[in-house]
J.: 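Take a look at the following structure, please.
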Amino acid sequence: MSLHFKHHPGPGPAVLILHGFYGNHGNWGPQARQLAQDFDVYALDARNHGKSAWADTMSLAEMADDVATTM
């Protein structure tokens with residue numbers, strides 16, 4: 001599945017950041033804004049977190065595939 005993300009546009013190469021357990025993209029707000037001075041930042045919500053879609057399963061392999069799909 002494609003994940004919800006907050007885009008912080010910046011001049012450099014793309015950087016994806018992902019929250020930890022019980023988090024969402026907002027956990028990275030201040031750091032993402034700071035990084036956006038040098039990078040094009042995407043703060044992701046993992047499946048079953050934040051504004052991303054919810055699913056019955058949530059294995060690490062599925063979550064990794066979600067990040068790859070979003071990229």
Side-chain angles (χ1 to χ4, degrees):
M1 78 176 52
S2 186
L3 300 174
H4 174 267
F5 60 87
K6 170 86 181 209
H7 184 210
H8 300 269
V15 172
L16 276 69
I17 51 180
L18 184 61
H19 59 82
F21 196 58
Y22 289 126
N24 64 46
H25 75 276
N27 296 125
W28 284 97
Q31 295 89 347
R33 287 188 294 277
Q34 181 70 33
L35 286 167
Q37 294 179 17
D38 299 307
F39 300 96
D40 195 27
V41 180
Y42 295 84
L44 309 178
D45 279 340
R47 73 169 50 205
N48 298 351
H49 290 79
K51 295 181 181 179
S52 283
W54 290 69
D56 292 334
T57 60
M58 196 170 84
S59 72
L60 288 177
E62 289 170 319
M63 294 171 74
D65 286 341
D66 295 344
V67 172
T69 297
T70 303
M71 290 171 56

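Small disclaimer: the values here were computed from a predicted structure and weren't measured.
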J.: Taking distance alone, no hydrogens or angles, what donor-acceptor pairs closer than 3.5 Å link side-chain atoms of residues 64-71 to residues at least two apart or in another chain?
T.:
residue : atom : partner : partner atom : Å
Asp66   : OD1  : Met1    : N            : 3.1
Asp66   : OD1  : Arg47   : NH2          : 3.0
Asp66   : OD2  : Arg47   : NE           : 2.6
Asp66   : OD2  : Arg47   : NH2          : 3.2
Thr69   : OG1  : Asp65   : O            : 3.0
Thr70   : OG1  : Leu3    : N            : 2.8
Thr70   : OG1  : Asp66   : O            : 2.9

J.: NE2 of His8 to NE2 of His25: how many Å apart, nearest 0.5 Å?
T.: 7.0 Å

J.: Which pairs of donor and acceptor atoms, one on a side chain in residues 26-33, lie under 3.5 Å apart (sequence neighbours left out)?
T.:
residue : atom : partner : partner atom : Å
Asn27   : OD1  : Asn24   : N            : 2.7
Trp28   : NE1  : Leu18   : O            : 3.3
Arg33   : NH1  : Gly29   : O            : 3.4

J.: Less than 4.5 Å apart, side chain to side chain, heavy atoms only: is that true for His7 and Asp40?
T.: yes

J.: What closest approach, in Å, do Ala46 and Met63 show between heavy atoms, and which atom pair accounts for it?
T.: CB-CE, 3.8 Å

J.: Between CG of Asp56 and CG of Asn48, what distance do you get to the nearest 0.5 Å?
T.: 8.5 Å

J.: Hey, what else clusters with Trp54 if you join Ile, Leu, Val, Met, Phe, Trp, Tyr whenever side-chain heavy atoms sit under 4.5 Å?
T.: none

J.: Hey, quick one: are Leu16 and Phe39 part of the same hydrophobic cluster, counting side-chain heavy atoms closer than 4.5 Å, chains of contacts allowed?
T.: no

